[in-house]
Structures are given as structure tokens and as C-alpha cells.
Number of protein chains: 2
Amino acid sequence: MAMKKKARTEPNLSTEEKIIEAARKVFTKKGYSATRTRDIAEEAGINLALLNYYFRSKQKLFEQVMAEKMHQFFGTIAPVLMDSTTKLEDKITLIVTRYIDMITENPDLPIFVLNEIKNNSARLADRMHIKSIIINSSFVQQLKERRPEIHPLHFLFNILGMTIFPFIARPVFDVIDALNEREFKTLMEERKKLIPTWVKGMLRAK
Amino acid sequence: MAMKKKARTEPNLSTEEKIIEAARKVFTKKGYSATRTRDIAEEAGINLALLNYYFRSKQKLFEQVMAEKMHQFFGTIAPVLMDSTTKLEDKITLIVTRYIDMITENPDLPIFVLNEIKNNSARLADRMHIKSIIINSSFVQQLKERRPEIHPLHFLFNILGMTIFPFIARPVFDVIDALNEREFKTLMEERKKLIPTWVKGMLRAK
DNA sequence: GTCTATAACCTGATAGAC
DNA sequence: GTCTATCAGGTTATAGAC
């Protein structure tokens, strides 16, 4: 009966690591506002005061987690977009497969990152050079050359939308039990092959 | 200098309507947890006590707004999916154009609805017959007939992802000033024609 | 470094005057 | 119906003992 304060993170970590690990989990799952510092402390199996000892405030702890998560979210495709030695078709396949693998491991990541960027916009997002990553990337150049009459963002929206949206919409399908975990994973595995095929069709289409 | 408590909603509404109108705006923009009942009262230009007088609690007020917003979100396409007299190709065009028009007027709606469903899942989502709307719809039947070897949800994910994702990801592009409001609207207008074309290509593709 | 206790503040909700 | 004042409980953060 006395197992209320059981830690849920690995016990053989430093206190600081236990806290940040717990913060990653709770912030990503519930978002900034719905997260209580007590939730994080309990998840880490430590005392609430230690959170403020290691990280001055909830806000500071959050900023650290958020920076990591943005790096994870945008860093997954940034190198692919920039690499001028990869063919356009191969880039598409890489973006899709990497995102599906990464988000499968971190299902709450997309809606967390996009929602928190919306809520903060100004401060957080421009830390990374997202603009140059997107606008001046080799990927966008290749799209412009292939289909000069269509804005390259159309294709980026298509690839990311088809890849990421199913994860964002998944809770809807969960509730109606239309799609259990295994079925969803199967679909997403299929999509690794299907999405690149469809996008290549768009690039060819009249 | 004494304009702090200025109401932002239309003044010629009943108090109850002013409150629910303010609640729609604030909840949709900030989500349940980040919303303070005081925010809603100020937005409505009324006193905090009146909120509890008309709606017993923050939770009750939220549930009312949420039910409306889910109806708005899913109701936009439900009739189209169900109508067995419409051709598959026409359904696709209708879904895309209706969603783009509706979300353009309510840009925060998709991430709000999907995020709150994720946070509540159990209670909220099954009130509407989403399951039968999706699984037993004429739309899904038509997809099965057209491409029996591909799971129909693949096409639904594609259509909704290409249509809705740009709105969800927009704050990212806002910050990097890659896309002002007019440019974004132009792109979304173009997508009303482009997305149906691309989807039809997928339906044909070997 | 880690804990308990508590300060300081915020938030949802209500009492009670008008 | 509407307001001011306030309560009760929760939340972040810190003081101080060990």
C-alpha cells in the first residue's frame, strides 16, 4: 500500500537526468500548461524541491525540453533537405521513412511541438535556422527545377501532411476502436512505400 | 487609460451568449488547461461570478464549447462521406474545398479539437457516431470498390493530411516569415484544385 | 544534495449586497 | 441578473534543517 511515490524512470541515473527525463515524458504528453511540477517530481521519483534546485523554474525546465524536442522534430529531416548529393526521389523516401520511424517511437511529439510553437511562436521557433533550412534547401531547389510552375511548399505540405497527420489524428481512431495499435503500425509501414510512390506521381502529373 | 476591462465581443448579445462566445474564442485559442475563467470573463466583458451563474463550472462551459467544435470539425465532412448519390471524385473535391473554407475561418480549430480529443479521449469523442461515419460510409465503400487492394484509410489520411496539415503547421512558417497571410491563403486556394487532382492520380496509379 | 515545511501567489467557485 | 469581496484549494518556488 505504500507505493505511491514510486519512481517510473530508470533508478540508476543522476538526479538531474531523472528530472529531465521525467520532464520530457510529462511535458510531451500533457503540454506545458497542464503539467504540474509535482507530476514531474513524482514521475522522476524525487522531491519537488530538487526540481527547483537543478532547474530554477518550471519555465526553464520546459525551455530545455522544448529545445530538445524541436531539434528532434526538425533535425530528423533537416540534413536530408540540405544534402545536395541526394536525388529528389531519394530525399522523399528518406523524409517519409525517417519521420515514420521517429514518430512511431515518439507518438506525442508532433502535436506537442506544433501546439507549443503556436502558443509561444515568437520566442521559441526562430532559434533554429528553420527558414534557411526550408527555403534555401537543396530539396526546395530540386522541386523548383522539377516543377517550376508549382510552389515547392505544395509538395512539402503533401509529404509532411500524408506522413505526420495520421499520428496527429490517431486519438480519433483510437476512441472508435477502428484501428488498434498493430493495425495502425501496419498501415504506417505500408505508407513508407506508398507515400513516395504517390509523391512521385504528383511530380510527374500534368 | 481606463480601458482595461473592455469587452471584445459584440455588446448587443445576451449575457449568456457573450460568455459562450468568449469561451469559444479563448478555449479554442489556448486550450482547456491554459484557459483561465478570468480570461473568458474579461473577453466577454462581464464579471467572473456571472460565468458560474450561467454555467455551473469551467468544465461544464468547456464541454458545451467542445461539443460544438467537434460538431463543426466532423460535421463538415460527415454528410459528404455518407451521401451515396455523390460520385467518389466529387466527394473528394467537396471534402477538400469545404475543409479549406471552414478552417480558413477557424484556423485554430484542427489543433484544438485533435489536442483535446487526445487529452480526454474516453469521454468526449464517442458522443458522435464517428465510427459508423467513417467505417460504414459510402465514401469508404467507394474507395474499397475502386482500389480493393489498398486500405481505404490510406486515402482518407492522404486527403485530410494534405488538406488540414498546412493549417496545423502554419505557426512554424509564420515565425520564419516565409509565408505571410495573403501568400498562405493563395496557396490554400490553389490546393482546392490541386489536391483533388493528386488524389485522383493516386486512385488511378498502379 | 536531499528533504520537510511553508511562503506567496493563482484559480475556480461562492456568499451576499444591490 | 449583476456586482464586489472572499474562501478554499491548488501550484510554483523557497527557506532552512539535515
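Below, read A as the first sequence line, B as the second, and so on, with proteins coming before strands; counting in each chain starts at 1.
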d([atom1], [X]; [atom2], [N]) in whole Å:
{"X": "B:Phe62", "N": "C:dA13", "atom1": "CZ", "atom2": "C1'", "answer": "19 Å"}
{"X": "A:Tyr53", "N": "C:dA5", "atom1": "OH", "atom2": "P", "answer": "21 Å"}
{"X": "B:Leu48", "N": "C:dG16", "atom1": "CG", "atom2": "P", "answer": "18 Å"}
{"X": "A:Glu42", "N": "C:dT2", "atom1": "CD", "atom2": "C1'", "answer": "18 Å"}
{"X": "A:Arg36", "N": "C:dC9", "atom1": "CZ", "atom2": "C1'", "answer": "15 Å"}
{"X": "B:Arg56", "N": "C:dT14", "atom1": "CZ", "atom2": "P", "answer": "8 Å"}
{"X": "B:Lys18", "N": "D:dG1", "atom1": "NZ", "atom2": "P", "answer": "13 Å"}
{"X": "A:Leu61", "N": "D:dT11", "atom1": "CG", "atom2": "P", "answer": "17 Å"}

Handout entry: N or O in side chain of B:Asn47 less than 4.0 angstrom from D:dC3 OP1/OP2
Key =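 B:Asn47 to D:dC3 OP1/OP2: no side-chain N or O under 4.0 Å.
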
For the side chain of [X], starting at C-beta, report the closest nucleotide among [options].
{"X": "A:Leu50", "options": "C:dG12, D:dG1, C:dC3", "answer": "C:dC3"}
{"X": "B:Asn52", "options": "D:dA13, C:dA13, C:dC3", "answer": "C:dA13"}
{"X": "B:Thr15", "options": "D:dT2, C:dA13, C:dT2", "answer": "D:dT2"}

Handout entry: Check: B:Tyr32 main-chain N/O paired with B:Lys58 side-chain donor or acceptor under 3.5 Å
Key =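 Yes; at least one donor-acceptor contact below 3.5 Å.
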
Practice task
Output yes when a side-chain donor or acceptor of A:Lys192 lies under 3.5 Å from a complementary backbone atom of A:Ile100, and no otherwise.
Solution key: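 Not confirmed, A:Lys192 side chain does not pair with A:Ile100 backbone.
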
Practice task
Would you please indicate if the ring centroids of A:Phe139 and A:Phe155 are separated by under 6.0 Å?
Solution key: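 Not under 6.0 Å, so no.
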
Handout entry: Proximity of B:Phe27 and B:Phe62 rings by center, below 6.0 Å
Key =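 So the answer is yes for these two rings.
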
Does [X] reach a base, just sugar-phosphate, or nothing at all? Heavy atoms under 4.0 Å.
{"X": "B:Ser33", "value": "nothing"}
{"X": "B:Tyr54", "value": "sugar-phosphate"}
{"X": "B:Leu51", "value": "nothing"}

Practice task
Ignoring hydrogens and angles, answer whether the base of C:dG12 and the side-chain atoms of B:Arg38 contain a donor-acceptor pair closer than 3.5 Å.
Solution key: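 Such a pair exists between side chain and base.
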
Problem - Which residues share a side-chain hydrogen bond (donor to acceptor under 3.5 Å, both in side chains) with B:Asp174, sequence neighbours left out - result: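 With sequence neighbours excluded, B:Asp174 shows a side-chain hydrogen bond (donor to acceptor under 3.5 Å, both in side chains) to B:Arg170, given in chain and number order.
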
Handout entry: Closest-nucleotide ordering on DNA chain D, the 5'-leading residue of B:Ala49 and A:Ala49
Key =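 In this pair, the answer is B:Ala49.
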
